[in-house]
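Right, one structure below, let's go through it.
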Amino acid sequence: MPVVVVESPAKAKTINKYLGPDYTVLASYGHVRDLPAKDGSVDPDDGFGMKWEVAAESRKHVKAIVEALKSDDHLILATDPDREGEAISWHLQEALASSLKKKTVSRVTFNAITKQAVTEAMKTPRQVDKPLVEAYLARRALDYLVGFTLSPVLWRKLPGAKSAGRVQSVCLRLIVERELEIEAFRAREYWTVTAVLKTPRGQEFEARLTVLGGKKLDKFDIATAAAAELAVRAVTSRDLKVASVEAKPASRNPYAPFMTSTLQQEASRKFGMGAKQCMSAAQRLYEAGLITYMRTDGIDMAPEAVMAARDEITRRFGPTYVPESPRMYKNKAKNAQEAHECIRPTDMAAAPEKLRFAEKDQANLYDLIWKRTIASQMSAARMERTVVDLSSADGQVVLRANGQVVLFDGFLKVYDEGRDDDGDEEGRLPQIMTGEAVEKQAVTPAQSFTQPPPRYTEATLVKRMEELGIGRPSTYASVLTTIVEREYARKDKNRLIPEDKGRLVTAFLTNYFRRYVEYDFTADLETELDDVSAGDRDYKDVLTRFWRDFSAAIAETADLRIGEVLEKIDDFLAPHLYPLREDGSDPRICQTCGTGRLHLKTSRSGGAFIGCGNYPECRYTRPISGGEDGAAGATGCWARIRMASRSACARAGSGPMSSAARRARQIRSPTARACRRAGHPTV
DNA sequence: CAGTGAGCGAGCTTCCGCTTGACTT
């Protein structure tokens, strides 16, 4: 009777069901062994020798396998079909070595947990893939060496700093650099002119000015209130006729089913769930047998599941909602391992409304997963997009109206991904024909400002990390926790804002360890690991090359004194620390004593602040973020925009206005709403 | 949350990725 080992107990239960009583299926509960979290677990001077240890938590699970092997003589390693899964099989083999004498060991893999996939896999056993394991060894050793060498450097050189790593430091850098972009951003004003028009049959619709003075308008062509007034006059003083009506068919395909990152993004957008909260609700659903595995970067679906989804769609909506052939999805991300299929309901017929859930989060998440999965196998939505141009006789003025009508809803019947932007919600345009004259109800100018990039949310950051190939489905949520725990960044209204400490760490790393916080470092490493797993390169060669450069960078920082480090960071962060003053004076000169040069300093507790160089004669200090009072820092800039936008609304709001025009005003002046959404400081 | 500034050096911290634990009332 063979012993089969998989990674998770819920999976073991399912597979046991498929294989029957002739097999004992057990779970390894993860990696089983790891490098002890202390110095010397990897020795670069001794061929990168690694010291492994069975974690206390894993002992009982290893013991259970040893017990089972006493009566059986065949061990089948069925861990996940990716690099880490192969590593787990190898760890098991090593950890169980003394129990495996005179026993046979084989390795099998399956991508989907279906009866067919599992029984098929059992027919093609192989041995543990050594090159793939070696790619893991390189990955594991490198992460250890980066983390356990760099962190102590930070402790010594940057008071208050706590940790650094291949993933967390790049993730932090993303947050910090986004904040610098926001601070450097200067809003630019522009105006749009919208008219509410009426057809000869009395139906209202909206159109926007696109040509003025015979010239096509660009975004910033109407830059001031005065110019907008002139544009409004140009429109009101002319009669408008329909110059053209163009209708074009368009179609929209459904989204791919969920993987971990997209599930986290949608759970955040639709329910405001954090990454951790989302994963814990998903774990419950998985343990209850309701959904497939929730830590995955695969978006393909088992053929059985595709057929079940098509049946369910036919049953509920009729055959017109089922495309001729099943839709196939594949993750195009470079480092995708696709060890598991997508996140989907295990039973398509188990519709959300038929189930009862212990908690709201689980109900919400299951509903989302079921709908997204079903939609992913439905027909495309078909629409008709209409563009109507209205022109003055002299061709000086053209207004354009856009309309969209859904002809066939297709997958939209079940699932519509909410939009992040307010977007222009386009409706149906009234019947109208070329040559017809329209009547003007209202012509309204609206002031707008270009928007700075928004701060990251957990969800958008996970999306960015995934694009860069940084982190894995099992770590997205915990990386964010680490960054917040270290007080490198904080979460405010779901937005990530860097703390001063986080800025200092990023400044330090980009100065002294640039290569290791570059956005493509992990992607390049993955390419090298691919070579290792293909058997084209020795893993120790990868580590040797890495260590040669990395240890040199470490050595260069050895003699640095804290003062020098701070000076360098002071220069690096200067644009943020010393924003231009409105009176034009040198932002680096202390305004209290009038002569001292301002410097970045750190206190005993590790906090950073700005102090006057004339200390102790001049005792001026201030925090490093927020800038000086009255300086043209980010806060001041935002305050001015808010004021301007408020007066624009007041202006536009004077006089009677149709409901359509009022709607138009809301859409065209998104400043305040967009600011709140992006978590920018409110005044 | 306000206040914060040297250098010495005890003893502490730290990585990424895989997986679920769970004392009490």
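Everything quoted here is computed from the prediction, not taken from an experiment.
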Legend entry - Pair A:Asp143 + A:Arg139, salt bridge at N-O below 4.0 Å: yes
Inset, instruction - Report the distance from atom CD1 of A:Ile562 to atom P of B:dG9, rounded to the nearest whole Å. - result: 13 Å
Legend entry - Stems formed with participation of DNA chain B [Watson-Crick or G-U wobble, under 3.5 Å, three or more pairs]: none
Inset, instruction - Could you work out the separation of B:dT13 and B:dG9 based on their C1' atoms and round it to a whole Å? - result: 16 Å
Inset, instruction - Starting at atom CD of A:Glu567, determine the distance to atom C1' of B:dG5, rounded to an integer number of angstrom. - result: 14 Å
Inset, instruction - Would you mind reading off the distance between A:Tyr615 atom OH and B:dT4 atom P, rounded to a whole angstrom? - result: 8 Å
Inset, instruction - Using side-chain hydrogen bond (donor to acceptor under 3.5 Å, both in side chains) as the criterion, list what pairs up with A:Ser533, not counting sequence neighbours. - result: none
Inset, instruction - Under 4.0 Å between any heavy atoms, over every strand shown, what does A:Cys612 touch: base, sugar-phosphate, or nothing? Just pick one. - result: base
For residues 611-619 of chain A, which side-chain N or O atoms pair as donor and acceptor with protein atoms under 3.5 Å away, sequence neighbours left out?
| residue | atom | partner | partner atom | Å |
| --- | --- | --- | --- | --- |
| A:Asn614 | ND2 | A:Thr595 | OG1 | 2.9 |

Legend entry - Separation of atom CZ in A:Arg156 from atom P in B:dC12, rounded to whole Å: 16 Å
Legend entry - Integer-rounded Å distance: B:dC1 P and A:Glu499 CD: 12 Å
Inset, instruction - Before accepting this row, confirm whether a basic side-chain N of the pair A:Glu467/A:Arg464 lies closer than 4.0 Å to the acidic partner's carboxylate O. - result: yes
Legend entry - Test: A:Arg490 and A:Glu179 ion pair at under 4.0 Å: no
Inset, instruction - Assign a letter to each nucleotide of nucleotides 13-20 of chain B from its 5' end: B, base within under 4.0 Å of a protein heavy atom; S, sugar-phosphate only; -, no contact. - result: BBBBBBSS
Legend entry - Glycosidic class, syn or anti, of B:dG5 using a 90° window around 0: anti
Inset, instruction - Please determine if A:Arg503 and A:Glu183 form a salt bridge, counting it only when a charged side-chain N lies under 4.0 Å from a carboxylate O. - result: yes
Inset, instruction - Provide the full list of salt bridge (charged side-chain N to carboxylate O under 4.0 Å, His left out) pairs with a residue in residues 513-525 of chain A, sequence neighbours left out, each pair given once. - result: A:Arg515-A:Glu518, A:Arg515-A:Asp520, A:Arg515-A:Asp524
Legend entry - Any donor-acceptor pair under 3.5 Å from A:Thr292 side chain to A:Arg344 backbone: yes
Inset, instruction - Write down the distance between NZ (A:Lys157) and P (B:dG9), rounded to a whole number of angstrom. - result: 13 Å
Inset, instruction - Please identify each residue that fulfils side-chain hydrogen bond (donor to acceptor under 3.5 Å, both in side chains) with A:Arg588, with sequence neighbours left out. - result: A:Asp570
